[in-house]
Amino acid sequence: MPAESAPPLWAAVLDDLRTRLARGEFAERFPTDRELTAHYGISRHTAREAVRRLGVVDRRPRLGGRIRRPPTALENLGATLQALGVRLTLAGASRRRRRSRRIASALGVTEAKPMDVLVQVLLADGQPLLVSELWLPAGCPLSDADVAPLLGVGASSEIARVVDESVLPAVATAETSDALNLPAGAAVFCADQLIAVPDHPGAWHRAFIRPERYRCVVRWEPASDGPNPWPCPTR
């Protein structure tokens, strides 16, 4: 009986890279090919093949790489609607001062101080689809221009990174109902996102979404703790 051939070297490196990725080792930066060859004692060709099969690394010459995160629920929503030919625009920018115990706790800032809240409405073919609220603690460098990438309307932001997200049903406030042209107390989806900002505690993004504008499909993933956070809309 012929002996079984040994698995290729890149496969062993790939397994170890996946283990390290799951431990969060590459959150800030993925190693360069040279660093991988030195660490594993392999050729550059083997290192590149393992990284290619890992499939989640965006390479940057001489700087290493960055792990390509999956799109967020809101990015999926915006990208899917635009692919369907829906015209998405942001309107009605305004600034409020508000307090939230939950958001202050998540950002690690004092609850006593109100935060700036940048409010905008995302229009789909001219009709309101969602209300976006960007909660900013004192000194946060984000502005209303950073909202579009969070909604999948613009290119991904280099300064604002979503690190946690949830989407749950909620009851719209009177203000939100008015902005979305909904009756008072209408049901909406509420998407909450924790935003990481370099050298800052971060920010909070909240979106209230009209649920009846587009049909959607929810996918249940065996490896997750719940449903895919945003269903893929269909016209």
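These values consider heavy atoms only, across backbone and side chains, with no hydrogens, waters or symmetry-generated copies. This is a predicted model, so every value here is computed, not measured.
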Indicate yes or no: at least one non-hydrogen side-chain atom of [X] is less than 4.5 angstrom from one of [Y].
X      : Y      : answer
Leu129 : Leu81  : yes
Leu151 : His205 : yes
Leu74  : Ile209 : yes
Ser132 : Leu122 : no
Gln127 : Arg210 : no
Glu75  : Glu165 : no

Straight-line distance of [X] [atom1] to [Y] [atom2], nearest 0.5 Å:
X      : Y      : atom1 : atom2 : result
Gln193 : Asp164 : CD    : CG    : 9.5 Å
Leu90  : Asp144 : CG    : CG    : 9.0 Å
Leu118 : Arg95  : CG    : CZ    : 4.5 Å
His200 : Ile195 : NE2   : CD1   : 13.0 Å
Arg18  : Asp16  : CZ    : CG    : 11.5 Å
Thr37  : His45  : OG1   : NE2   : 13.5 Å

- Message: Does either side chain, that of Ser94 or that of Arg96, offer a donor lying less than 3.5 Å from an acceptor on the other one?
- Response: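 Side-chain D/A pair, Ser94 to Arg96: present.
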For [X] and [Y], work out which heavy atoms get closest and say how close.
X      : Y      : value
Gly65  : Val57  : CA-CG1, 4.1 Å
Ala186 : Ser177 : N-OG, 4.3 Å
Leu130 : Ala207 : CD1-CB, 4.2 Å
Val167 : Ala73  : CG2-CB, 4.0 Å
Asp146 : Leu142 : OD2-CA, 3.3 Å
Pro71  : Asn76  : CG-OD1, 3.5 Å

- Message: Tell me every residue that passes ring pair (Phe, Tyr, Trp, His ring centres under 6.0 Å) with Phe26, counting only those two or more places apart in sequence or in another chain.
- Response: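 Scan of Phe26 (ring pair (Phe, Tyr, Trp, His ring centres under 6.0 Å), adjacent residues dropped) gives Phe30.
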- Looking at Ile42, Leu17, Thr46, Asp15, which hits side-chain contact (heavy atoms from CB on, under 4.5 Å) with Trp10?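 It is Thr46; the other options fail the test.
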- Message: Using only atom types and a distance under 3.5 Å, with no angle test, would you say the side chain of Arg213 pairs donor to acceptor with the backbone of Pro128?
- Response: yes
- Query: Which residues satisfy the side chain to side chain donor-acceptor pair (under 3.5 Å) test with Arg34, sequence neighbours excluded?
  - Reply: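 Partners of Arg34 under the side chain to side chain donor-acceptor pair (under 3.5 Å) test: none.
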- Item | For Trp135, the rest of its hydrophobic cluster, which grows through side-chain links under 4.5 angstrom |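 Members alongside Trp135: Ile103, Leu107, Val109, Met115, Val117, Val119, Val121, Leu123, Val131, Val163, Leu180, Leu182, Val188, Leu194, Trp204, Phe208.
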- More than 12 heavy atoms of other residues, nucleotides or ligands under 6.0 Å from CZ of Arg97: is that the case?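 Counting other residues, nucleotides and ligands, CZ of Arg97 exceeds 12 neighbours.
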- Query: Would you find more than 12 non-hydrogen atoms of other residues, nucleotides or ligands less than 6.0 Å from His39 atom NE2?
  - Reply: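 Counting neighbours around NE2 of His39, more than 12 heavy atoms of other residues, nucleotides or ligands fall under 6.0 Å, so yes.
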- Query: For Cys190 and Arg206, what are the C-alpha separation, side-chain angles and deciding distance, and is it a side chain to side chain contact (heavy atoms under 4.5 Å, CB included)?
  - Reply: CA-CA 7 Å; Cys190 178; Arg206 172 170 287 170; 4.0 Å; yes
